[in-house]
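Order of the sequence lines sets the chain letters (A, B, ...), proteins ahead of strands, with each chain counted from 1.
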2 protein chains.
Amino acid sequence: MYICRMENTDHLKEILESHKLRITACRKNVLQFFLNRKAALSQSDLENQFTQYDRVTLYRTLNSFLDSGIIHKIPNSQGAAAYGLCHETCSPDHHDHNHIHFKCNQCGQIQCLDDKLVPEVTMPKGYMIEAVNMIVDGVCAKCA
Amino acid sequence: MYICRMENTDHLKEILESHKLRITACRKNVLQFFLNRKAALSQSDLENQFTQYDRVTLYRTLNSFLDSGIIHKIPNSQGAAAYGLCHETCSPDHHDHNHIHFKCNQCGQIQCLDDKLVPEVTMPKGYMIEAVNMIVDGVCAKCA
DNA sequence: TTAAATATGCAATAAAGTTGCATTTATGTA
DNA sequence: TACATAAATGCAACTTTATTGCATATTTAA
């Protein structure tokens, strides 16, 4: 029989504090959900998981995580916006996601391939680069 | 004084025919608009330009262009979906856009950098690649 | 020229994103 | 610990974008 007990949430508190965010139940739950998941999450994923919270609250939770540099938005051409956890190297001012994102056309999941770095690119004269995103579409190892 | 006259629309007709689409005024107008524009277009761009057409018609026009391989959808993390013209090498079955997309954070325009090719990437074992997209965010030459 | 297939306009709805405001909760300080 | 202040939450409302059904109009092939 599975005994439900209080989990230690010190690590969640630390992450939120270090990003200058207040500690709330909603934020801790959402953050834990991100940490458990390998794949990126969308607003509707959160709504399905946390029916106890209003969708506006979840929307603003995502925004506060975005602004503080806990998560990053992943560009995609279809469906709702997806969000992935940032690395320690990210700060509110300067995001640092030079990893490739992969979207599986079978299961629909979007993954951060943290150890696959985006190759260098050069732009035509006069262009200033602020961020580079690379999204690979295909079939993931699990679905293949 | 500028004299308004009928333009030759044979090239539009040819493009539509070669993609197995019926020739209609709306499709010719939208296609011409794409050909004139360097930057990618969104649904709302079309709505602003072509107030004579219902937005559902424009929506379906975009879809028919997408399905037939005249345009491609450009992934982005913010704002409405953007669409860019395909090259001759694209067919309904197999799209071939290995060029980089650039989004200017100043003017908001998204451009196809047709001669900037997306670099090769390798995936972890078991992954199958179907498409690779690269989006560079920054400031374009005009806005810099 | 006409029948069949397709495109369009209108109405309606779904889904996603966003804001204002009253209430509740978290946090720093006395 | 209690309190004042600042921030988070829930609710309502609204905007934008995406989507479908159906009647009518247009295109195309025979």
Under a plain distance cut-off of 3.5 Å, with no hydrogens placed, do [Y] and [X] share a side-chain donor-acceptor pair?
X	Y	value
Asp45(B)	Gln49(B)	no
Lys103(B)	Ser77(B)	no
Gln111(A)	Tyr127(B)	yes

Between atom [atom1] in [X] and atom [atom2] in [N], what is the gap in whole Å?
X	N	atom1	atom2	answer
Asp54(A)	dG17(C)	CG	C1'	13 Å
Asp67(B)	dA7(C)	CG	P	11 Å
Arg55(B)	dG9(C)	CZ	P	13 Å
Asn63(A)	dG17(C)	CG	C1'	10 Å
Arg27(B)	dT6(C)	CZ	P	11 Å
Asp45(A)	dA15(C)	CG	C1'	14 Å
Tyr59(A)	dA16(C)	OH	P	14 Å
Gln43(A)	dA14(C)	CD	P	19 Å

State which of dT27(C), dG20(C), dG9(C) makes the closest approach to the side chain of Val56(A).
-> dG20(C)

Report which part of the nucleic acid Tyr53(A) touches: base, sugar-phosphate, or nothing (heavy-atom distance under 4.0 Å, all strands).
-> sugar-phosphate

If each of Gln52(B) and Arg22(B) is mapped to the nucleotide of DNA chain C with the nearest heavy atom, which maps nearer the 5' terminus, i.e. the 5' end?
-> Arg22(B)

Answer yes or no: is there a donor N or O on one side and an acceptor on the other, between the side chain of His72(B) and the main chain of Gly84(B), under 3.5 Å?
-> yes

Which sits closer to the 5' end of DNA chain D, Ala25(B) or Glu47(B), going by the nucleotide each is nearest to?
-> Glu47(B)

May I ask you to check whether over 12 heavy atoms, not counting those of Glu120(B), lie within 6.0 Å of atom CD?
-> no

Under the 3.5 Å rule, do the base of dG9(C) and the side chain of Arg60(B) count as making a donor-acceptor pair?
-> yes

If the plane angle is over 60° it's perpendicular, under 30° parallel, otherwise tilted; pick one for Tyr53(A) and Phe50(A).
-> tilted

Going 5' to 3' along DNA chain D, which nucleotides are the first and last within contact of chain A (any atom under 4.0 Å from a heavy atom)?
-> dA6(D) to dA13(D)

Tell me, do Asn105(B) and Glu130(A) make a side-chain contact under 4.5 Å, heavy atoms counted?
-> yes

